[in-house]
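The next block holds one structure in the form of structure tokens; read it before the comments.
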Amino acid sequence: MSFTKAPFLLLGVSLLFSTPSFAKEAGADEIGPAKAPSRPKNIVIMIGDGMGPSYTSAYRYYKDNPDTEEVEQTVFDRLLVGMASTYPASVSGYVTDSAAAATALATGVKSYNGAISVDTQKQPLPTILEKAKSLGLSTGVAVTSQINHATPAAFLAHNESRKNYDALALSYLDTNADVFLGGGQKYFSPELLEQFKAKGYQHITRFEDLASITQPKVLGLFAQVQLPWVIDEKEAKKLSTLTQKALSLLSQNDQGFVLLVEGSLIDWAGHNNDIAAVMGEMDEFSNTIEVVEQFVRENPDTLMVITADHNTGGLSIGAHGQYSWNPEILRNMSASSDTLALAAINGEQWQADLARGLGVELSAEELTGLDAARMQGQETLAIAIRHLIDKRTNTGWTTDGHTGTDVQVFAAGPASELFNGHQDNTDIANKVFSLLPKPKKPKS
């Protein structure tokens, strides 16, 4: 697949609506571009938090069938259309945090690191979800972090600091969003929950209760903070299930909807330099993209736009001068490094149990290092396990923070051509704004 030059943001909009669809070139012709209108009725914005280009490359090799010569494509290969720069407002330099990046993606305006949809003067900026709601569309978020974390907060609220979690949770009362799905129970007091219920929200905390929700509005909080690591619940498919439910609820509005979906914990695993957890989160984000892709096939008036807010960890596929990357251990692991470390701290046969959980035979040298780490506690042992996995896979990291690397953009559905080629993260937001319905003129 080849990239084409990005269209001009505003001058190109009307022209692009009349040009042949890029979907066939992108391998997305199954979605049915011939049936699609030029302007979407529904828009799904998906963010793989921290998902830099090496994450999607590593995921391709992680999913590769070693018994075949071919390296099989993933959904990311199939839907790739462009790239985006991620730098924040100049006051914060070239490397963004999640709040500034989400503000850019939600408002089309650069701001400082830590800002939640306010400008550099700390004045509120209109967001895509706010604009959509004002036009009569339904809105919602489905995420794996707490729902008042930086990315969903920037699409829903305004605050000078991403750290003001309680204030952000309270401000959600005024958004009138139709669907809130994710974690964050600790930030919603009984009093606040009563206020949500008074506004007509159904509040659930058990994942199995999702099936009983057939109408918006819903506030689903399924964990104290983050949802569990995917690698610890491989069959749960929580983000894809949350997204499927959100699509079902939001599509009841004949005027359309805008949904934000975030694979939040890709970033959290990257901050931990935890390649096994990264691949687990990437796998479920991929599953979720395919859920949305199927919705687009069945509803060709739906646009899906997927990107990352920034790159986390400086992941390298290969390290130490060695031309190799060996993901076998990642495929065989039965649990996260955190879970394996906890079991090893408490278990009498911890060495055998840990080897079994990793799916490898541990050398005497490795066991000696792990034993020393175990004496220092669970967190130190979890880090030692991650270092062992890095050595076995030959994975490299340059930081436990973010980097300034450009990120990929993926799209399908009506007007997906707008996102071809290189653009800034603010361009993505402005293009989405341009696709929202025009306000109806009052009758004279």
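Numbers here are sequence positions counted from 1.
A salt bridge links Glu194 with Lys197; the closest basic N to acidic carboxylate O contact falls under 4.0 Å. Comment: Arg386 engages Asp338 in a salt bridge, judged by a side-chain N to carboxylate O separation of less than 4.0 angstrom. A salt bridge is defined here as a Lys NZ or Arg NE, NH1 or NH2 lying under 4.0 Å from an Asp or Glu carboxylate O, and Arg39 with Asp301 fails to meet this definition. The existence of a salt bridge linking Asp283 and Lys234 is excluded, since no basic side-chain nitrogen approaches an acidic carboxylate oxygen closer than 4.0 Å.
Not counting sequence neighbours, the partners of Glu72 by the side chain to side chain donor-acceptor pair (under 3.5 Å) test are Thr68. Checked against side chain to side chain donor-acceptor pair (under 3.5 Å), Asp353 has the following partners two or more places apart in sequence or in another chain: Arg356.
His149 has its ring centre less than 6.0 Å from the ring centre of Trp268. Proximity of the aromatic rings of Phe419 and Phe410 is defined here by a centroid distance below 6.0 angstrom, and this criterion is not met. Checked against the 6.0 Å centroid threshold, Tyr87 and Tyr94 do not count as a close aromatic pair.
With no hydrogens or angles considered, a side-chain donor-acceptor pair links Thr339 and Asp232 at under 3.5 Å. Side-chain polar atoms of Asp274 and Ser337 form a donor-acceptor pair below 3.5 angstrom.
Checked options Thr103, Asp119, Asp424; the residue passing with Lys110 is Asp424 (criterion: side chain to side chain donor-acceptor pair (under 3.5 Å)).
By the neighbour-count criterion of 12 heavy atoms within 6.0 Å, atom CD of Glu379 is sparsely surrounded, having that number or fewer from other residues, nucleotides or ligands.
Distance check, rounded to the nearest 0.5 Å: OG of Ser286 to CG of Leu239 gives 11.0 Å.
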